[in-house]
Colleague: 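Take a look at this one; I'll ask things after.
Chain identifiers are assigned alphabetically (A, B, ...) following the order of the sequence lines, protein sequences preceding nucleic acid strands; residue numbering begins at 1 within each chain.
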Amino acid sequence: MRSYTAALMASRPVDPQQSFPDLERDVLKRWGERDVFRASLRLREGAPPWVFWEGPPTANGPPGVHHVLSRAFKDIFPRYRTMRGYLVERRGGWDCHGLPVEIAVEKQLGISSKEQIEEYGIAEFNARCRESVFAFLADWNKLTERIGFWLDLDGAYRTLDASYVESVWWALKQIADKDLLYEGHKVVPYCPRCGTALSSHEVALGYQDVVDPSVYVRLRVVHDGGPLQAGDELLVWTTTPWTLVSNAAVAVDPELTYVRAKTGTLDAPVVLAEALVERVLGDPGAVQILERFPGAAIDGVHYEPPFGYLPSSAYGERGHTVLLADFVTAQDGTGLVHTAIAFGEDDFRLGAQYGLDVVNPVKLDGTYDERIGRYAGRFVKDADADLIEDLRSRGRLLRAEDYEHSYPHCWRCSTPLLYYAKPSWYIATTQVDLLAANEQVTWHPEHIKQGRFGRWLENNVDWALSRERYWGTPLPVWRCEQGHVTVIGSFEELRERSGVLLEDPHRPYVDDVTFDCEACGETATRVPEVIDVWFDSGAMPFAQRHEPFAGELALDEIYPADFICEALDQTRGWFYSLLAVSALLRGPDKPYDHVVCLGLILDEHGQKMSKSKGNVVGPWEVIDEFGADALRWYFFTSKQPWDGYLFSPEAIGEGVRLFLRQLWNTYAFSTLYEPEAALADAPATDLDRWARSRLSATIQTVTDRLDAYDATAAGRAVAAFVDDMSNWYVRRSRRRFWEGDGAAHDTLRHCLVTVSQLLAPFVPFVADEIYDNLDGSSPSVHLTDWPEAGERDLELERAMTVARETVRLGLAARGAAKIKVRQPLHEAVVVAAGPERDAIERLADVVREELNVRALRFVAEAGELGSYSLKPNYRTLGPRFGKAMPQVAAAVASLDAGHVADALRDARPVGIHLDGHDHDLGADDIQLVMAPLEGYQLEREGSHAVALDLELDDGLRREGLAREVVHAVQGARRDAGLDITDRIVLTLAGDDELLAAARAHERYLAGEVLAVGVHFDGDGDGEPASIEGRELRISVVRG
RNA sequence: GGGCGAUUAGCUCAGUCGGUUAGAGCGCUUCUCUGAUAAGGAAGAGGUCCCAGGUUCGAGUCCUGGAUCGCCCA
């Protein structure tokens, strides 16, 4: 066992009022001076690696408190693993490309369209993007450092670097070589303002509740056919009237039942799904059903389109006819679905199935082209009202109303998205087994795997990769006029073909590079698109190292990461792109092992934080007031992180008061007293052994929970131990510290130093300060090895639990009797038997002192103080007796309690009779419960009770008064502003009985108040005090 | 409309394998202790464990349905 005596002498004095933010700034300085982060990596050189990947944020906006959340969790596990002996490299990274950056620059420039960007010049525009993307880099770095997130910021990877781009190209080439990169003509969510298609994860970011028109349109049947006659009207429903101008067909479910119905208000019969008659036409009594038939019966029926701008022939043979489809439902609308091939995914598929031609009369800026007559040039969404009016005036409208629903908008500019058939480059992620890769990942919380993420992967569609934008990794696809496609996988390959070695691979420079097509010799030029930024981030594992060009690590040495951590919104973002890129390149092996998935941060009322609501709590205001440790501690321990947080400064302050202050004060106390030479080798007590055993238990729990990525339970276990130290170990051991007991000092020091190690991953600043002052044998706690749990003394731990319970009961009894703890009493009578009694006897001194009684008397029989009643233990008996439990309970209740108590004490079984069989019950099966006798002041719980002898004799009363005098003098010391270790000369005057009591216990009094001299001849001008109505005058002079 | 999650004291949260009388902290009331602690201790008030069914000897816990909230998707 190590002695801390030497270290003690060297320890700095500790300010109990220490400001944590100030302390943290000092610790940061020390880390800098001692180069601790780098030292922690050097220390583990050659050790087995434990791989962490930083999901790159974009630094073009200031970091918020939710970034502190993810950065706190990105820090705790790497710190822990480092202490466990792994080499944990932590490279920072920045996501540099993408629309957010372009939007910000557009705002700066006061422009808002692609034309304006090209007018401005792509080279200059991208140069501005390059600057703007790091506009808040300093803020990010400052915050990262301030919260103690150890990350290699100098060596951070950047997705805009040429080396990074080249690795991304390499990956795309690999994918193309597997025939998984293709250009498709698909309906994509498209932002007409940004002029680009959006990926599904981008669409997910922009759903808004909006009110759209909901229109029911009547389409006149042209020829008799099947159950229908010319002039009948097909009813279709849509919430996008602007697509009606390019209506190409009507879809029905072949198996659904439709009706031809006559209403009171319309001349012609109408056609719709039977199930929707009432919803669409109202009062069913006023509707006459003429025919009922399945949808298949009207296959091929011709109708007049709602608008005549585009002739049926434009769509081919089946233009403006009824088609059979599998996506029609009778959930809403009419059961007949308006189909505009260019503007819906289902529509497009159906059109392809029936061989309809794609006709798209909407230009890329979202306005109608010249084919749409009077609407040409108008933004489609703005034309809705006029189109509806047009239908109404021509008798084609059944009804138009408002319809509130959630509709996707552009996540950056809030423009409503259009679904739009466009050529676009895809990665065939449906051809790789993403589910198999996910299967091997361990998610925290578990349900993400099969739930949110797994369900989403099951419905995975091909990855729409291309963006018709400027600031991004250029799609490395060149195409000649013959349409031959060449995918370039490196700068060197491009140089070989074109003779150009790119310095900057971005647009517009890369756009100028051409070469002769290998297949036909014609000139190949690059396609104009850049790629989805999520592909950039998904390529981060190898691109951050410029692999495979650097040639240091193979893919299977790079993958998988041991740990990644991001917020829940990344299920469709980085979690997906990492998984997909890995699966595309290396198959179904897991890309990452453990994922901690964090929840959202809401304000204290559960509202989203937003600038417009003014409820945003910034990271700096919290850190400046409470410190980074406080914020970290809150995130780690206030709740399970994936459930999200109701965030308020008050909640953080509570953690400071209840945990950090308690820890700090315990630490400060440990530096107040020095061991006396004579007591340096004092023997360890049960209390010492208890503290060390509890420490071992805590090490076990914290290690176990951190291994399971459960910071919450781990942190709470440390807090519980710190509370045990502060409110029990130190409280019960104070006198030993005053006296200079070496064993007590060593125990407390050992516990605190070990706690500082356990806390190092959680609250790295306070932990390091405590370690540095109390031990300091290493330059930082973060350079130490994680503590090993020592042996535990389970019997002693259990005994202490019983003893503390006994104290609690005794104090409750005092409270009930209104006898202050200062007043000593003769004895406490404890009812306990067997191991409980052994436990209390073993720790009798602790119990006596805490209760301030001279003696403990044990009563094994309940009879003297109360009587036992019996209760069955359902937990043990339930599984054994099952349905018979009610009879067992009755049998137990009818046993003689005294007899059972005797039997159980002697470890003899108790028999009950049930259904003609005898059963033996043991001590675990029956609980003895105290029932009090009348007339006794006692507190009981379970089988265990404490009663107090309240009789006072003169001796006890004098001692009680002496304690009151001590209490009063301590108050006077404090009022006089003395340090707690100052010696005094004490002069008392006043009530004779008080003075007599003080005189009788003079040595005790002097010892307690650190008096080097006590005089009882005061002249009455000391500080007045009143004890039980008696007057005392106290004068205190520093001695 | 679908998926996932949540709902336990005024507030923030625990609650293991289904087991007796559901816990902690904060806040509140009363009392108390103090030679580290703006702390600690005791007592009190505060609960239809979202609702309704079901399974079970026994349900906060398992099942089914529903409500509300959040996120995601249509």
Side-chain angles (χ1 to χ4, degrees), chain A residues 14 16-17 200-201 203-205 207 329 331-332 345 405-408 445 447-448 450-456 458-459 568-569 571-572 599-600 602 604 606 608 634 637-640 642-646 648 650-651 653-659 661-673 712-713 716 719-720 723 726-728 730-731 734-735 737-738 807-816 818-822 850 852 871-879 881-889 927 929 939 966-967 970-971 973-974 978-982 1007-1010:
Chain A
V14 176
Q17 311 291 326
S200 55
H201 24 285
V203 174
L205 298 171
Y207 273 84
T329 71
Q331 296 286 338
D332 47 23
E345 204 174 324
H405 64 153
S406 173
Y407 190 83
H447 60 74
I448 302 282
Q450 303 301 343
R452 181 177 283 242
F453 195 59
R455 291 292 174 126
W456 190 67
E458 282 171 18
N459 298 313
L568 201 62
D569 55 0
T571 39
R572 282 150 185 79
L600 303 163
L602 305 172
E604 58 193 311
K608 251 187 188 168
Y634 166 78
T637 59
S638 71
K639 60 186 305 197
Q640 295 291 334
W642 32 83
D643 290 337
Y645 296 81
L646 300 184
S648 69
E650 290 71 34
E654 187 176 315
V656 173
R657 267 192 308 126
L658 291 177
F659 176 68
R661 279 286 157 214
Q662 186 181 43
L663 171 68
W664 189 262
N665 285 320
T666 307
Y667 155 63
F669 176 83
S670 77
T671 63
L672 279 181
Y673 303 100
T712 312
R716 288 177 179 179
D723 189 68
S726 171
N727 283 325
W728 193 245
V730 171
R731 173 189 164 94
R734 270 191 288 237
R735 193 164 298 274
F737 284 92
W738 308 337
V807 167
R808 201 177 67 75
L809 294 175
L811 289 174
R814 269 188 179 269
K818 299 209 181 299
I819 305 282
K820 291 181 180 181
V821 181
R822 271 198 295 272
E850 193 67 17
N852 195 16
K871 288 190 106 177
N873 183 357
Y874 282 81
R875 197 186 281 267
T876 60
L877 296 174
F881 290 100
K883 284 188 187 186
M885 269 314 287
Q887 294 94 294
V888 173
Q927 292 170 319
V929 180
E939 293 292 325
V966 168
H967 181 60
Q970 301 296 15
R973 282 182 58 112
R974 186 176 326 169
L978 296 177
D979 274 353
I980 47 182
T981 49
D982 280 343
E1008 291 295 299
V1009 305
L1010 303 186

Colleague: Under 4.0 Å between any heavy atoms, over every strand shown, what does A:Lys883 touch: base, sugar-phosphate, or nothing? Just pick one.
Modeller: base
Colleague: Could you pull out all residues at least two apart from A:Phe881 that satisfy ring pair (Phe, Tyr, Trp, His ring centres under 6.0 Å)?
Modeller: A:His919
Colleague: Runs of at least three consecutive Watson-Crick or G-U pairs, both distances under 3.5 Å, are what I'm after; which ones involve RNA chain B?
Modeller: B:1-7 with B:67-73, B:10-13 with B:23-26, B:28-32 with B:40-44, B:50-54 with B:62-66
Colleague: Using 30° and 60° as the class boundaries, would you call the ring planes of A:Phe737 and A:Phe669 parallel, tilted or perpendicular?
Modeller: perpendicular
Colleague: Who passes salt bridge (Lys or Arg N to Asp or Glu O under 4.0 Å) against A:Arg455, sequence neighbours left out?
Modeller: none
Colleague: Please check: side-chain N/O of A:Ser726 versus main-chain N/O of A:Asp723, any donor-acceptor pairing under 3.5 Å?
Modeller: no
Colleague: Suppose we screen for side-chain hydrogen bond (donor to acceptor under 3.5 Å, both in side chains). Which residues come up paired with A:Tyr667, at least two apart in sequence or across chains?
Modeller: A:Asn773
Colleague: Identify, with sequence neighbours excluded, every residue that meets ring pair (Phe, Tyr, Trp, His ring centres under 6.0 Å) alongside A:Phe453.
Modeller: A:Trp443
Colleague: Just jot down the salt bridge (Lys or Arg N to Asp or Glu O under 4.0 Å) partners of A:Glu654, sequence neighbours excluded, or say none.
Modeller: none
Colleague: Taking only residues two or more places apart in sequence, or in another chain, which ones meet A:Arg735 in a salt bridge (Lys or Arg N to Asp or Glu O under 4.0 Å)?
Modeller: A:Glu1008
Colleague: Name the residue closer to the 5' end of RNA chain B, choosing between A:Arg875 and A:Glu654 according to the nucleotide with the nearest heavy atom.
Modeller: A:Arg875
Colleague: Would you mind building the protein contact string for nucleotides 3-11 of chain B? One character per nucleotide, 5' to 3', B for base within reach (heavy atoms under 4.0 Å), S for sugar-phosphate only, - for untouched.
Modeller: BSS------
Colleague: Would you indicate what A:Pro872 reaches in the nucleic acid, counting non-hydrogen atoms under 4.0 angstrom: base, sugar-phosphate, or nothing?
Modeller: base
Colleague: At under 4.0 Å between heavy atoms, which parts of nucleotides 31-37 of chain B does protein reach? Answer with one letter per nucleotide, 5' to 3': B base, S sugar-phosphate only, - none.
Modeller: -SSSBBB
Colleague: Quick one: list whatever passes salt bridge (Lys or Arg N to Asp or Glu O under 4.0 Å) with A:Arg822, sequence neighbours left out.
Modeller: A:Glu964
Colleague: Tell me, please, which residues at least two apart from A:Asn852 pass side-chain hydrogen bond (donor to acceptor under 3.5 Å, both in side chains).
Modeller: A:Arg963
Colleague: State, to 0.1 Å, how close A:Gly644 and A:Lys639 come at their nearest heavy-atom pair, and which atoms those are.
Modeller: O-NZ, 2.7 Å
Colleague: Could you write out each protein N or O paired with an N or O of nucleotides 61-65 of chain B at a distance under 3.5 Å?
Modeller:
none

Colleague: So what does A:Asn873 touch, heavy atoms closer than 4.0 Å: a base, only the sugar-phosphate, or nothing?
Modeller: base
